[in-house]
Number of protein chains: 2
Amino acid sequence: MALKHAVLAALLDGEYSGYQLAKAFDVGVANFWHALPQQLYAELTRLEAEGLVAGRQVVQETRPNKRLFHVTDEGLAELERFAAAASRPSFIRDDLLVKVQAVDRIDAAPVIAQLTERARMAAAKVEIFEQLLARLRGGLDEAEFLAHGARVGPYLTCLRGLGFERETRDWCERITGVLRERSGTPQHP
Amino acid sequence: MALKHAVLAALLDGEYSGYQLAKAFDVGVANFWHALPQQLYAELTRLEAEGLVAGRQVVQETRPNKRLFHVTDEGLAELERFAAAASRPSFIRDDLLVKVQAVDRIDAAPVIAQLTERARMAAAKVEIFEQLLARLRGGLDEAEFLAHGARVGPYLTCLRGLGFERETRDWCERITGVLRERSGTPQHP
DNA sequence: TTCCCATACTCAAGAATATGACTAATCATA
DNA sequence: TATGATTAGTCATATTCTTGAGTATGGGAA
């Protein structure tokens, strides 16, 4: 039920096509939700049918035509209702953690390789988020922007994304260190 | 496809009944995956049919009988294959982040209330994880345990859970501060 | 002594998500 | 001048996850 509201929240900052939304929900920028293009196109269709978003056709000459969507008053009211209702707790669900959980009983080498790769990906996201944050606060320093800026929501979710990716990066680096050490030294029960 | 492997990984530390597993996958201990009892019972049935786990009936007098499961050699081999294959990236997916993303355009009060509650929950999990870590490393200090301990997988995933919950707590507290400040002071575009 | 909670588990149905295959045009690159 | 990447979508199917309801027993509190 929340992809719906994630789309509404993402559309608050202007008009987007399904294609643009899909990129935002796929690449780093999706610091508060993630979804595939097919899901987003389907969701936009439903939202339009419910009158929560409205789209307008934009005829392009050099590219296929596209439809740009924006949130209607009804859509904003729906978001308001959603925000007032209880949130379901969020959980970690990560393939890599399953592998680490089992790492004493299986070959550690591929797990170490995947941790290294994940650390690299997280580090890349950290940079993306840092740049995005700098862009969002414009010239202002952070405290000033957070106190008086007009639109801080995306900044705040981006801060969460940044913290999450930093944690991921640091944990992956630390764990690879531990596992590399262990593969060279003896363990005792 | 990964609940299957999460169950196998969880069963590596001894025998569990479906009911016990369900509690572990629900409460704090689930630092690497989360699932409802119904899913787990169904998964155990499938895993047993595939020969990846084996169960034995334990007759109890004061309580209903139960079945305790353990991983078979085939199950361990399946985990090995899983660990060697690529992991799918993990994403944040959180109702609360959707609400924060929209917070400039909707009533902030319920969002602040939910952030406060979430911070409380995260702080409680931090304590649970800290106690669990202390128990897992026994008398040893962390460096010693990580270097020479017999089974560090659960400890490492628990470290990730701890980091995640600390981040969540700190972020929630910081954001509630920001939003409370803003609701008392004027903003300019 | 009634009621609720914990143990231990099952079944069915529905909503949400993921996978894979397709159309169709333009643009850059090799 | 093929080749692949990018823009802009659609359709169908499969898997996974969630919701809701039920069964049965024993123990403790009101």
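Below, chain A is the first sequence line, B the second, and so on; all start at residue 1. Computed from a predicted structure; not experimentally measured.
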Problem set entry | Nucleotide dT7(D), atom C1' - distance to CG of Leu68(A) in whole Å | 13 Å
Exercise. Please give, in whole Å, the distance from dT10(C) P to Glu48(B) CD?
Worked result: 10 Å
Problem set entry | Basic-acidic side-chain contact under 4.0 Å: Asp13(A), Arg105(B) | no
Problem set entry | Closest-nucleotide ordering on DNA chain D, the 5'-leading residue of Glu61(B) and Arg67(A) | Arg67(A)
Exercise. Which nucleotide sits closest to the side chain of Arg93(B): dA8(C), dG9(D), dA18(C)?
Worked result: dA18(C)
Problem set entry | Nearest-Å distance for atom pair CD/P, residues Gln60(A) and dC27(C) | 11 Å
Seminar exercise, completed: Between Phe69(A) and His34(B), the residue closer to the 5' end of DNA chain D by nearest nucleotide is Phe69(A)
Exercise. CG of Leu3(A) versus P of dC17(D): gap in Å, rounded?
Worked result: 17 Å
Exercise. From Asp104(B) CG over to Arg182(B) CZ, what is the distance, rounded to the nearest 0.5 angstrom?
Worked result: 5.5 Å
Seminar exercise, completed: Of the listed dA8(C), dT26(C), dT18(D), the closest approach to the Thr62(A) side chain comes from dT26(C)
Problem set entry | ILVMFWY network linking Met121(B) to Ile92(A), side-chain heavy atoms under 4.5 angstrom | no
Problem set entry | Trp33(A) side chain, from C-beta outward: closest of dT17(C), dT18(D), dA18(C) | dT17(C)
Problem set entry | Salt bridge flag under 4.0 Å for residues Glu167(B) and Arg160(B) | no
For this session: Examine Tyr41(B) and Phe69(B) and state if one hydrophobic cluster contains both, with Ile, Leu, Val, Met, Phe, Trp and Tyr joined whenever side-chain heavy atoms are less than 4.5 Å apart.
Result: no
For this session: Find the distance Phe91(A):CZ to dC17(D):C1' and express it as a whole number of Å.
Result: 13 Å
Exercise. What integer distance in Å separates Lys66(A):NZ from dA25(C):P?
Worked result: 19 Å
Exercise. Tell me: CG of Leu36(A) to C1' of dA16(C), nearest whole Å?
Worked result: 12 Å
Exercise. Which nucleotide in the set dC27(C), dT18(D), dC9(C) lies at the smallest distance from any side-chain heavy atom of Arg63(A)?
Worked result: dC27(C)
For this session: Compute whether any side-chain donor of one residue and acceptor of the other, for Thr45(A) and Glu48(A), lie under 3.5 angstrom apart.
Result: no
For this session: Report yes if a side-chain nitrogen or oxygen of Tyr19(A) is closer than 4.0 Å to either non-bridging phosphate oxygen (OP1 or OP2) of dG9(D); otherwise report no.
Result: no
Exercise. Out of dT26(C), dT7(C), dT16(D), which has the shortest distance to the side chain of Lys23(B)?
Worked result: dT7(C)
Problem set entry | Side chain Ser90(B), main chain Arg93(A), donor-acceptor under 3.5 Å | no
Problem set entry | Residues in contact with DNA chain D, drawn from residues 37-47 of chain B - heavy-atom cutoff 4.0 Å | Gln38(B), Gln39(B)
Exercise. In whole angstrom, what separates Asn65(A)'s CG from dG9(D)'s P?
Worked result: 9 Å
Exercise. Do Trp171(A) and Leu159(B) have side chains that get closer than 4.5 Å, going by heavy atoms?
Worked result: yes
Problem set entry | Rounded to 10 degrees, the angle between the two terminal axes of the helix from dT1(C)-dA30(D) to dA30(C)-dT1(D), each from five pairs | 30°
Problem set entry | same_hphob_cluster(Phe91(A), Leu97(A)) at 4.5 Å side-chain heavy-atom cutoff | no
For this session: Measure from the side-chain heavy atoms of Pro64(A) and tell me the nearest of dA18(C), dA8(C), dT7(D).
Result: dT7(D)
For this session: Return yes if some donor-acceptor pair links the side-chain N/O of Gln101(B) with the main-chain N/O of Leu12(A) below 3.5 Å, else return no.
Result: no
